[in-house]
Amino acid sequence: MSGTASPPVNCEEDVGVSFWEQAENPRTRPPRSWVFDAGCAVVAGAASLAHFSFGQAASAVHLSLLAGVIVVILTAGALPLRRVWPGPVFLWTLLAAVAVAQWPDRGALFPVALGLSLYTVAATMRRAEALTAAVLTAGVMLLVVAQDGTRNWALAVSDAAGFAAAVLVIGLYVGIRRAYLTALRDRAQRLERERDQASALAAAEERARIAREMHDSVAHHLTVIVALSDGALRAVTRAPAEAADAIRDVSGTARQALAETRGLLGVLRADSGPGPRQPLPGLADLDDLLDRVRTAGLPVRYERTGAGADPPPAIQLAVFRLIQEALTNTMKHAGPGASALVRLRLTPAEVRVEVEDDGHGAEPGDAGGGLTGMSERIGALGGVLDFGPCQPRGWRVTARLGLDPAAAA
């Protein structure tokens with residue numbers, strides 16, 4: 001199963017929120033975020049108040065308690081919500097800076113609150129809004145300077161632009177970094193889900209394969225055991241020696257069935273270790289299979305034509321299981337006196353299999369999944385399976401498998 005490559009992480013995409021959009025859910029925010037933002041608000045308010053009171057060039061203006069509270073609320077009152085509504089909080093802080101700049105006996109505004117709100121906008125909102133916010137921040141700072149009066153406008157403009165640009169760059173970097181890490185986490189989670197889905201699909205396919213193998217192996221061996229046991233019961237009084245031979249064949253068939261079952265179930269044990277593995281049956285094992293069927297009482301003729309190298313192991317296993325299942329159905333349903341013919345033709349391009357009997361019993365049902373299992377096994381290798389009654393009696397199963405290395409894999 002081939003996988004598809006995951007798209008590269010694109011950290012250049014502008015994925016910030018719009019101006020009035022809520023960036024975080026206040027109900028799901030952790031308490032430490034509220035505490036941190038409230039601490040930033042306290043620091044920003046104290047810095048603005050201190051500079052407003054003591055930063056006068058001529059004479060300091062000592063504010064009353066009420067005036068100081070008003071200044072703090074105006075400049076930093078909305079900062080605890082800066083990461084919930086970054087756009088509205090920036091607008092509030094911007095308007096508050098304009099209002100404080102009009103204060104009588106004003107002083108130069110210390111822009112801590114304005115810088116924090118601009119940084120949040122740059123880190124969470126789209127770049128167009130962030131650039132607009134930076135321009136407005138620089139404009140408000142120039143307005144404060146104009147209210148105070150200055151003799152060096154070039155320095156004032158450079159300071160305002162430099163401050164806004166520095167905060168903007170830092171905020172954009174943090175926003176891009178967060179988006180990049182979020183994309184990496186999403187990609188890792190997606191890859192983990194795809195890996196789990198692929199593992200589950202592979203496990204399901206393996207279980208289906210083991211179920212087919214178990215059905216083919218156990219059903220065949222049990223059918224042979226039943227036939228041998230019936231023969232031993234009939235011969236136990238008139239031919240004890242033949243009955244003993246049949247019992248020995250029953251024992252050998254049961255042991256072989258047990259060994260195959262252990263080999264199939266061994267792959268399900270995670271702690272089985274590197275124990276010995278029985279090789280999967282192939283064309284070389286057909287003679288033993290046919291001998292067991294003949295011993296069970298079903299005459300079988302085997303015709304093999306064609307020459308060349310042996311097919312891939314997967315095709316050999318499919319051919320073996322097909323012949324095994326077809327002969328098992330013959331022993332179950334063909335009735336007494338039936339015989340079977342197995343034809344195997346090998347060519348450089350394909351493998352043809354035909355199993356035919358001349359019985360007159362009931363048609364094999366599909367309650368045990370035998371015909372369905374054969375169809376799935378042959379179809380998985382790109383082959384074609386056909387089965388049906390013969391005229392005037394009997395049943396025929398045919399299959400054609402192309403020797404395509406890609407399909408056989």
Side-chain angles (χ1 to χ4, degrees), residues 10-30 32-49 51-52 71-102 108-146 156-183:
N10 183 11
C11 60
E12 296 296 331
E13 185 178 358
D14 195 0
V15 293
V17 299
S18 60
F19 187 84
W20 298 106
E21 186 178 353
Q22 182 176 302
E24 293 184 5
N25 188 352
R27 297 180 179 180
T28 60
R29 292 190 72 197
R32 63 178 182 273
S33 297
W34 290 110
V35 172
F36 179 80
D37 289 341
C40 291
V42 171
V43 172
S48 299
L49 181 61
H51 198 275
F52 189 90
V71 170
V72 171
I73 293 176
L74 285 176
T75 56
L79 287 181
L81 299 174
R82 64 186 180 89
R83 287 190 285 180
V84 179
W85 289 285
V89 168
F90 171 78
L91 182 60
W92 168 272
T93 308
L94 188 72
L95 295 178
V98 174
V100 171
Q102 309 302 320
L109 178 66
F110 196 69
V112 176
L114 197 58
L116 284 174
S117 59
L118 174 59
Y119 162 81
T120 308
V121 167
T124 57
M125 297 178 63
R126 291 194 290 259
R127 295 176 188 173
E129 283 87 348
L131 183 60
T132 303
V135 173
L136 291 176
T137 299
V140 169
M141 294 182 66
L142 289 177
L143 175 63
V144 173
V145 173
V157 171
S158 64
D159 288 345
F163 173 80
V167 176
L168 176 66
V169 169
I170 294 175
L172 289 177
Y173 171 78
V174 173
I176 293 174
R177 182 68 177 175
R178 288 175 181 171
Y180 177 74
L181 294 178
T182 301

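From a predicted model like this one, the values you see are computed outputs, not experimental measurements.
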Spatial distance of atom CZ (F163) from atom CG (L114) [nearest 0.5 Å]: 6.5 Å

Approximate separation, where rounding is to 0.5 Å, of E129 CD and T124 OG1: 10.0 Å

Inter-residue atom distance T182.OG1 - R177.CZ, 0.5 Å rounding: 11.0 Å

Minimum heavy-atom distance between V167 and G115, given as atom pair plus value: CG1-O, 3.4 Å

Contact check, side chains of R82 and S117, non-hydrogen atoms, under 4.5 Å: no

Close side-chain approach of W34 and V84, heavy atoms under 4.5 Å: yes

Smallest separation among heavy atoms of R83 and S33, with atom names: NH2-O, 3.5 Å

Nearest-0.5 Å distance, OG1 of residue T120 to CE of residue M125: 10.5 Å

Non-hydrogen side-chain atoms of R127 and I176 separated by less than 4.5 Å: yes

Approximate separation, where rounding is to 0.5 Å, of F90 CZ and L118 CG: 5.5 Å

Carboxylate-amine/guanidinium proximity below 4.0 Å for R29 and D37: yes

Considering all heavy atoms, the nearest A41-P80 contact: CB-CD, 3.7 Å

Shortest non-hydrogen contact from L116 toward L79: CD1-CD1, 4.0 Å

Smallest separation among heavy atoms of A130 and V121, with atom names: CA-CG1, 3.9 Å

